[in-house]
Amino acid sequence: MNLMITGGAGFIGANLVLHWLRNHPDDVVINFDALTYAGNLENLQEVKTHPNYRFVLGDLRNPLEISKTFSEHKIDAVIHLAAESHVDRSIHGPADFIETNITGTFNLLETARNYWSANLSVHRFLHVSTDEVYGSLGSEGKFLESTAYAPNSPYSASKAASDHLVRSWRHTYKMNVVTTNCSNNYGPFQFPEKLLPLLIHNCTQDIPIPVYGDGKNIRDWLFVEDHCEALDCVFHEGDPGEVFNIGGENEWENIDIIRFVCRKLDKELGKSGNESCGNLITFVKDRPGHDRRYAIDATKIKTALNWTPRHSFEEGLTKTIRWYLDHQEWVSNITSGTYQDYYVRQYG
Ligand code: NAD
Ligand code: TYD
């Protein structure tokens, strides 16, 4: 099978490319990525010369680049991850989110539909989305696949729109689509604009840790490799048209997870007393429209597809912290240059 993974140079995409090449030696993986600020080919250094790996520099906003890739690489199936993915950036500049997440998904669906028209029901299209499309929870309850969409940020609204497009391409054209909505991921290769890598990076550099609002917002954290296994399961076994929520059932208030990581980093970095990472915690102005709580009910994927996360939070976090401490050069390569401009704009 020739499998196109869009956004394969990003955080989850790179983990997925590596997972796929390790676990499916008969498949060829075509990584289609525009290499925005979030795309980094260093993530895929170890498979650069793998016989079953190809990289295509391409932009979803350009339908010609997509159709050329389909015909040149005879694409059999797609796992679609490419997106603008950071809520804070969507607040500063929503246009890119509309273009990539909505128009880009539309371009991809249309190209796939045309290219596979002879046998549309055979070719799988897995659309990777987020739990943020469901909006914000109160202190009770969890997101089910049947929860009504109520996106609150330009990011989540653009992902919600893309989910609706995918759903309608199933309903109208009978495309073989499946959609996943996952909770917050953490792990190697995550760009240090997201909470956990930003926190680890700031602690290594003695930079204040910005905590939005009262720090009591809740997220449900999943180790990225467990997400990749879930995507593999859904890709192979999910019924066409189905939606699967994926999550770690691992809820943390931001301030608690930050303190927990700080304590682990103190041990790793040999810090204590006045030097403790916890002393870097700084409460800052809240994110506009900040969703209070996300929590996934993952019963469907667990019972229907027998998926369950393999990493405890302790294991996943230990692996993640170790990875960032061992890859300081990776971090410094991406935190120089334009990252500094972003940081100043976001945090002052
Ligand atoms: P990321 O920002 O790390 O990577 C996105 C990738 O997409 C980058 O490699 C970038 O170069 C590429 N890209 C962006 N615009 C493109 C375009 N126009 N054409 C081609 N490529 C383009 O994102 P991520 O965190 O790895 O997320 C991947 C997917 O998973 C996204 O769809 C996101 O909505 C979803 N998701 C992420 C999380 C999370 O916690 N990170 C959780 C649930 C769902
Ligand atoms: P983030 O990693 O941006 O993911 P998302 O907003 O998609 O859930 O943020 C996770 C949580 O951490 C969220 O509640 C916002 C909060 N946060 C901070 O308090 N400070 C920060 O500097 C960042 C980036 C996030």
Side-chain angles (χ1 to χ4, degrees), residues 7-15 33-45 57 59 61 81-101 153-155 158 184-213 215 217 219 224 254-255 257-258 261-262 265-266 268-269 271 275-290 320-348:
F11 162 47
I12 302 171
N15 279 286
D33 198 295
L35 297 184
T36 66
Y37 79 92
N40 185 352
L41 288 179
E42 262 189 71
N43 301 351
L44 295 162
Q45 203 54 29
L57 179 64
D59 195 323
R61 291 168 293 189
L81 296 103
E84 290 293 338
S85 70
H86 190 41
V87 174
D88 292 323
R89 286 186 194 254
S90 83
I91 295 168
H92 286 293
D96 287 345
F97 289 72
I98 306 302
E99 286 163 19
T100 286
N101 300 358
S153 71
Y155 163 65
S158 66
N184 287 60
N185 282 214
Y186 67 95
F189 305 124
Q190 189 168 31
F191 194 85
E193 63 187 355
K194 305 274 169 53
L195 180 66
L196 289 187
L198 183 127
L199 160 59
I200 298 170
H201 173 60
N202 286 16
C203 287
T204 63
Q205 303 299 309
D206 283 324
I207 301 170
I209 301 163
V211 183
Y212 297 159
N217 302 68
R219 297 294 182 263
V224 64
N254 290 341
I255 190 65
I257 204 172
I258 289 168
V261 174
C262 283
L265 281 166
D266 278 346
E268 289 285 342
L269 301 169
K271 292 185 171 193
E275 306 249 283
S276 266
C277 294
N279 292 339
L280 295 168
I281 292 174
T282 310
F283 287 88
V284 299
K285 197 164 143 275
D286 208 355
R287 170 190 280 173
H290 195 177
T320 305
I321 290 175
R322 207 47 284 145
W323 188 88
Y324 278 92
L325 297 183
D326 291 344
H327 291 80
Q328 293 288 320
E329 205 182 316
W330 182 94
V331 179
S332 64
N333 286 347
I334 53 175
T335 51
S336 54
T338 53
Y339 179 81
Q340 298 300 331
D341 304 335
Y342 165 77
Y343 206 88
V344 170
R345 192 185 59 205
Q346 179 63 24
Y347 299 105

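FYI, the numbering just counts along the sequence from 1. On a predicted model such as this, the values are computed, not experimentally measured, just so you know.
By the 4.5 Å heavy-atom criterion applied to side chains, E193 and D88 are not counted as neighbours. Y212 places none of its side-chain heavy atoms less than 4.5 Å from the side chain of K285. A 4.5 Å side-chain heavy-atom check between H92 and Q346 finds at least one atom pair inside the cut-off. Residues D96 and N101 fail the side-chain proximity criterion, which asks for heavy atoms closer than 4.5 Å. In this structure the side chain of D266 reaches within 4.5 angstrom of the side chain of C277, judged on heavy atoms.
Closest of all the heavy-atom pairs between A9 and L41 is CB-CD2, 4.2 Å. Looking at every heavy atom in both residues, Q328 comes nearest to T204 through NE2-CG2, 3.9 Å. Nearest heavy-atom pair across I207 and L280 is O-CD1, 3.7 Å. When all heavy atoms of W330 and Y324 are compared, the pair lying nearest together is CZ3-CE2, 3.9 Å. In plain terms, the two heavy atoms of P192 and I334 that are nearest each other are CD-CD1, 3.5 Å. Closest non-hydrogen pair, V224 versus G187, comes out as CG1-CA, 4.0 Å.
The neighbour count for E329 CD, taken as heavy atoms of other residues, nucleotides or ligands under 6.0 Å away, does not exceed 12. Enclosure of atom CD in E275 is not indicated, since only 12 or fewer non-hydrogen atoms of other residues, nucleotides or ligands lie within 6.0 angstrom.
Checked by atom type and distance alone, the side chain of E99 never pairs as donor or acceptor with a backbone atom of R61 at under 3.5 Å. Distance alone, capped at 3.5 Å, is enough to place a donor-acceptor pair between the S158 side chain and the Y155 backbone. Looking only at distances, no side-chain donor or acceptor of N202 sits under 3.5 Å from a matching main-chain atom of I209. A donor-acceptor distance shorter than 3.5 angstrom exists from the side chain of T36 to the backbone of A38, with no hydrogens or angles considered.
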Run I321 and V261 through side chain to side chain contact (heavy atoms under 4.5 Å, CB included) and show every step you take. CA-CA 9 Å; I321 290 175; V261 174; 4.2 Å; yes
Apply side chain to side chain donor-acceptor pair (under 3.5 Å) to residues R89 and Y37 and explain how you reach the verdict. CA-CA 12 Å; R89 286 186 194 254; Y37 79 92; 3.1 Å; yes
N333 and E42: CA distance, side-chain angles, deciding distance, side chain to side chain donor-acceptor pair (under 3.5 Å) verdict: CA-CA 10 Å; N333 286 347; E42 262 189 71; 3.1 Å; yes
Under the side chain to side chain contact (heavy atoms under 4.5 Å, CB included) criterion, do N15 and N43 qualify, and how do the steps go? CA-CA 8 Å; N15 279 286; N43 301 351; over 6 Å; no
Steps toward side chain to side chain contact (heavy atoms under 4.5 Å, CB included) verdict (D33, L57): CA-CA 5 Å; D33 198 295; L57 179 64; over 6 Å; no
Q190 vs W323, test: side chain to side chain contact (heavy atoms under 4.5 Å, CB included). Steps then yes/no. CA-CA 11 Å; Q190 189 168 31; W323 188 88; over 6 Å; no
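Note that the CG atom of N254 and the CD1 atom of I281 stand 11.0 Å from one another [nearest 0.5 Å]. Rounding to the nearest 0.5 Å gives a distance of 6.0 Å between OG1 of T100 and CG of D59. Atom CZ of R219 sits about 9.5 Å away from atom CG of L195, to the nearest 0.5 Å. Atom CZ of residue F191 and atom OG of residue S85 lie 9.5 Å apart, to the nearest 0.5 angstrom. Within the model, atoms CD1 of I200 and OG1 of T320 stand 6.5 Å from one another, a figure rounded to the nearest 0.5 Å.
A salt bridge between K271 and D206 is present, with a side-chain N of the basic residue lying under 4.0 Å from a carboxylate O of the acidic one.
Residues satisfying the side chain to side chain donor-acceptor pair (under 3.5 Å) criterion with R322, sequence neighbours excluded, are E268, D326. H290 meets the side chain to side chain donor-acceptor pair (under 3.5 Å) test with N217, D286; sequence neighbours excluded.
Side-chain contact check for H201 and Y339: no donor-acceptor pair (N or O, by modelled atom type) lies under 3.5 Å.
Under the 30°/60° scheme for interplanar angles, the aromatic rings of Y343 and Y347 are found to be tilted.
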